[in-house]
Trainee: 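Okay, handing you the structure first.
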Amino acid sequence: MPQATPRSSLQGARPSVFLLAGAFVTGMFLFVHGGCGGDECQDAAGCREDKGPPASNTAWVCEDKRCEQHSVQVPPPDSGTDAGTPDSGMPDSGMPDSGTPDAGPTTVSVQVLAFNDFHGQLEEPAGQILTGVAPDGGPVRVNAGGVTYFARHIAALRATNPNTVVVAAGDLIGASPLLSGLFHDEPTVEAMNLIGLDLVAVGNHEFDEGSTELLRMQSGGCHPVDGCLDGDGFPGAHFKFLAANVATGVDRTLFPRYDVREFEGVKVAFIGMTLEDTPESVIPTGVAGLTFKDEVQTVNALVPELRRQGVEAIIVVVHQGGIPTSGSLVNECKGAGADGLISGAIVGLAKGLNDAVDVIVSGHTHQAYNCVIDGKVVTSASSMGQLVTDIDLTLSKATGDVVEARANNVIVTRDVQEVGAVKELVTRYQELVTPRANRVIGWVSQTLRTQTDSAGQSTLGFVIADSHLEATKPANLGGAQVAFMNPGGMRANIAQGEVTYGEAFTTQPFGNSLVTLTLTGAQIEQLLERQWRPSGATLMLLPSAGFTYAFSASAPIGSRVDPASIRINGVPVSPTAEYRVTANNYLASGGDGFPVFAEGTNRLGGAVDSDALEAYLKAHSSMASPLPAPALNRITLLP
């Protein structure tokens with residue numbers, strides 16, 4: 001079977017002029033989707049951009065850096081092409097396009113290897129994958145993940161089919177461990193270049209450092225502030241970011257909306273996008289000027305456009321997901337949804353998408369499932385590179401339709417040989433980061449946990465809030481009277497004993513800065529009431545020592561907090577008085593659905609959150625006298 005030649009579609013919108021100009025000012029050369037310079041070209045997409053559409057039944061091909069037109073076989077449009085309605089899944093006439101018998105195979109096999117929520121996890125993650133139930137009824141689990149093993153599994157699967165595309169459903173970077181996060185996730189991009197990742201849909205964490213930094217991930221160049229911390233240049237991603245529903249203007253998107261690849265004359269479209277609610281989970285300044293559009297509407301509007309290009313096979317790669325039942329195996333679809341299947345946003349999304357969509361590669365929830373929903377294959381591969389989803393498609397050469405689609409979640413076991421080039425990359429960064437990661441910054445008497453009690457309190461959350469308060473309490477540093485920490489900002493426990501910088505960074509990997517602002521007592525009450533959402537979701541803030549209040553879980557949403565119980569150091573908070581409040585810059589900008597923070601006045605920026613925690617541990621702990629875990633007595637749960 002000959003190797004397929006990918007063809008990128010330029011029908012997807014290009015990056016906006018505003019964002020390109022902004023990145024240019026910072027000295028970065030931006031990705032322009034393969035345009036040609038002079039008489040030379042880089043790929044077929046650049047030929048189409050510079051020379052216009054090719055002649056009928058031909059396509060642009062970049063050979064020896066020159067644009068040439070080659071003949072292609074284009075499947076005939078069916079009756080639903082222009083209207084965007086799904087086809088019947090059968091050939092229109094039951095005959096090949098030419099009307100003559102086809103002496104060769106009538107189908108083509110395409111393999112899609114998919115994963116999601118990698119989060120810069122280059123080293124082996126701590127979690128295990130459930131593989132079954134032991135004779136005694138206990139779970140059977142296996143260690144999984146680690147990019148060197150991940151690379152080997154990808155290579156082995158790729159070897160089974162030359163028509164292979166590797167895709168990721170968002171959060172490839174962001175919220176990463178120190179090994180990648182310290183270097184602004186450049187190591188992860190470089191590792192994925194070696195592995196051969198082809199396409200990635202943007203996720204919410206791709207925006208952790210803002211859209212301009214995300215553009216640098218694609219185009220390359222050193223960080224505008226830190227430079228190239230590894231001592232050499234950064235080439236940028238060899239793979240393509242896709243962002244169909246991230247608009248920078250009318251008919252403009254941050255990255256291309258989709259990518260069309262051709263295999264033995266049959267086209268397959270990959271539409272990439274993130275969840276519409278991304279602005280609620282990232283720093284507002286990081287997505288300024290961007291509009292996140294409805295996922296279903298975005299895809300359905302693209303179906304007629306793709307069909308006009310002769311595309312019948314459509315795969316959606318989206319950073320949105322579902323929830324299976326606890327204890328489900330990786331290839332099951334059991335959950336609390338309809339018919340005993342998974343629940344969550346991906347279910348409604350799958351049912352709302354045009355029936356022309358054949359496969360949905362999903363993510364965001366860090367779960368594993370393998371489903372068929374509304375006739376569409378829907379998959380997710382857990383997180384941290386612990387699984388790879390092997391999706392096998394059989395396509396009709398006559399119509400371009402998907403005749404059959406099968407998926408299998410493959411565990412990334414560690415009983416395979418590591419890929420040498422990837423191992424060398426990881427080792428090099430480990431040598432660079434080890435001195436900083438192993439530096440001891442404090443001691444704790446027992447494990448500080450992210451896990452909360454029935455009132456939403458956690459020992460780690462309280463310690464972090466206390467460190468934020470201490471860092472901003474001096475009058476010249478903010479004059480803070482209370483600090484709040486968001487639970488989503490904590491990514492790992494801190495184990496009993498000595499605490500290293502690496503552990504502290506893993507706990508707070510976002511590099512957020514502290515902001516102290518002024519709120520009235522009435523606004524603080526509003527802030528607390530926002531912890532319970534009409535949707536039924538709950539997101540409890542973790543307050544610093546000295547701040548106490550009580551709430552009733554049975555009271556109506558919006559009226560759960562007892563105003564008289566809100567106190568700072570035992571003194572009731574007055575609705576009309578003003579108080580100095582500290583939060584990380586994500587919360588302070590209204591993140592996590594707390595717009596009251598954005599109303600705060602007299603703002604003063606402060607230290608980086610991880611630096612504040614380090615200073616706190618150094619001041620309050622020693623090997624002889626480790627920091628005790630705080631009592632969980634700041635929030636009182638009433639009937």
Trainee: Once ring-ring contact (aromatic ring centres under 6.0 Å, His included) is applied, what residue pairs with a partner in residues 601-638 remain, sequence neighbours excluded?
Mentor: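 Sorted pair list: Tyr616-His620.
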Trainee: Can you name the residues that form a side-chain contact (heavy atoms from CB on, under 4.5 Å) with Gln128, not counting sequence neighbours?
Mentor: Arg141, Asn143
Trainee: Output the distance between atom NZ (Lys473) and atom OG1 (Thr516), rounded to the nearest 0.5 Å.
Mentor: 12.5 Å
Trainee: With Ser559, which residues qualify under side-chain contact (heavy atoms from CB on, under 4.5 Å), at least two apart?
Mentor: none
Trainee: Please identify each residue that fulfils side-chain contact (heavy atoms from CB on, under 4.5 Å) with Leu638, with sequence neighbours left out.
Mentor: Ala550, Ser552, Thr636
Trainee: Test ring-ring contact (aromatic ring centres under 6.0 Å, His included) on Phe115 and Phe150; report intermediate values, then the result.
Mentor: CA-CA 10 Å; Phe115 62 101; Phe150 180 84; 4.8 Å; yes
Trainee: Would the distance check show the side chain of Asn493 and the main-chain N or O of Ala495 forming a donor-acceptor pair, the cut-off being under 3.5 Å?
Mentor: no
Trainee: Distance-only, no hydrogens or angles: does the Thr434 side chain make a donor-acceptor pair with backbone N or O of Gln430 under 3.5 Å?
Mentor: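 Such a contact is found between Thr434 side chain and Gln430 backbone.
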Trainee: Show, in sequence, the C-alpha distance, side-chain angles and deciding distance for Tyr586 and Asn486, and conclude whether the side chain to side chain donor-acceptor pair (under 3.5 Å) test is met.
Mentor: CA-CA 9 Å; Tyr586 168 59; Asn486 58 314; 5.4 Å; no
Trainee: According to ring-ring contact (aromatic ring centres under 6.0 Å, His included), does anything in residues 490-517 pair up with another residue at least two apart or in another chain? List the pairs.
Mentor: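 Qualifying pairs, neighbours excluded: His205-Phe510.
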Trainee: Name all pairs fulfilling the side chain to side chain donor-acceptor pair (under 3.5 Å) condition that reach into residues 531-545, sequence neighbours left out, sorted by first residue then second.
Mentor: Gln531-Tyr549
Trainee: Could you walk me through whether Asp171 and His319 pass the side chain to side chain donor-acceptor pair (under 3.5 Å) test, one step at a time?
Mentor: CA-CA 8 Å; Asp171 282 6; His319 191 68; 3.0 Å; yes
Trainee: Can you tell me which residue pairs pass the salt bridge (charged side-chain N to carboxylate O under 4.0 Å, His left out) test with a partner in residues 489-504, sequence neighbours excluded?
Mentor: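 Those involving residues 489-504 do not exist here.
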Trainee: Can you tell me which residue pairs pass the salt bridge (charged side-chain N to carboxylate O under 4.0 Å, His left out) test with a partner in residues 505-517, sequence neighbours excluded?
Mentor: none
Trainee: Any donor and acceptor pair, going by atom type alone, linking the side chain of Ser382 with main-chain N or O of Ala368 inside 3.5 Å?
Mentor: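 No, Ser382 side chain to Ala368 backbone: no donor-acceptor pair under 3.5 Å.
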Trainee: Is a side-chain N or O of Ser176 found less than 3.5 angstrom from the main chain of Gly181, in a donor-acceptor match?
Mentor: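 Pair absent, no side-chain N/O of Ser176 close to backbone of Gly181.
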Trainee: Are the side chain of Asn116 and the backbone of Gly170 linked by a donor-acceptor contact shorter than 3.5 Å?
Mentor: no
Trainee: Going by distance alone, is a donor N or O of one side chain under 3.5 Å from an acceptor N or O of the other, for Thr500 and Asn438?
Mentor: no
Trainee: Keeping to residues at least two apart or across chains, list the ring-ring contact (aromatic ring centres under 6.0 Å, His included) pairs with something in residues 475-500.
Mentor: Phe484-Phe547
Trainee: Can you measure from CG (Leu254) to OG1 (Thr291) and round to the nearest 0.5 angstrom?
Mentor: 11.5 Å
Trainee: Are a donor atom and an acceptor atom from the side chains of Glu599 and Gln526 found within less than 3.5 Å of each other?
Mentor: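 No, Gln526 and Glu599 have no side-chain donor paired with an acceptor closer than 3.5 Å.
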Trainee: So, Ser362 versus Tyr369: side-chain donor-acceptor pair below 3.5 Å or not?
Mentor: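 There is such a pair (donor and acceptor under 3.5 Å, judged by atom type) between the side chains of Ser362 and Tyr369.
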Trainee: Quick one: side-chain contact (heavy atoms from CB on, under 4.5 Å) partners of Asn476, sequence neighbours excluded?
Mentor: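 Checked Asn476 against side-chain contact (heavy atoms from CB on, under 4.5 Å); matches are Pro474.
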Trainee: Please confirm whether the backbone N or O of Gly478 pairs with a side-chain atom of Arg580, one donor and one acceptor, at under 3.5 Å?
Mentor: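 At least one qualifying donor-acceptor pair exists.
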Trainee: I need the full list of salt bridge (charged side-chain N to carboxylate O under 4.0 Å, His left out) pairs touching residues 601-623, with sequence neighbours left out, sorted by first then second residue.
Mentor: Arg439-Glu614, Glu614-Lys618
Trainee: Judged by atom type as modelled, is there a donor-acceptor pair below 3.5 Å linking the side chain of His119 to the main-chain atoms of Gly174?
Mentor: yes
Trainee: So does Gly203 get a backbone contact from the side chain of Glu206, meaning a donor-acceptor N/O pair under 3.5 Å?
Mentor: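 Looks like yes, one N/O pair under 3.5 Å.
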Trainee: One pair to check against side chain to side chain contact (heavy atoms under 4.5 Å, CB included): Val317 and Leu242. What are the steps and the verdict?
Mentor: CA-CA 9 Å; Val317 186; Leu242 300 177; over 6 Å; no
Trainee: Would you say the side-chain atoms of Thr452 and Ser458 include a donor-acceptor pair closer than 3.5 Å?
Mentor: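 Looking only at side-chain atoms, Ser458 and Thr452 do not form any donor-acceptor pair under 3.5 Å.
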Trainee: Looking only at side chains, do Asn584 and His468 share a donor and an acceptor under 3.5 Å apart?
Mentor: no
Trainee: Which atom names give the shortest non-hydrogen contact between Ala583 and Phe597, and what distance separates them?
Mentor: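 Smallest interatomic distance, heavy atoms only, reads CB-CE2, 3.9 Å.
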Trainee: Going by salt bridge (charged side-chain N to carboxylate O under 4.0 Å, His left out), name the pairs with one or both residues in residues 175-192, residues two or more places apart or in two chains.
Mentor: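 Applying salt bridge (charged side-chain N to carboxylate O under 4.0 Å, His left out) to every pair that reaches into residues 175-192, excluding sequence neighbours, yields Glu186-Arg216, Glu190-Arg428.
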Trainee: How far apart are the closest heavy atoms of Ser445 and Pro626, and which atoms are they?
Mentor: N-CB, 3.6 Å
Trainee: Quick check: do Gln320 and Met273 have side-chain heavy atoms less than 4.5 Å from each other?
Mentor: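 Gln320 does not reach Met273 side chain to side chain.
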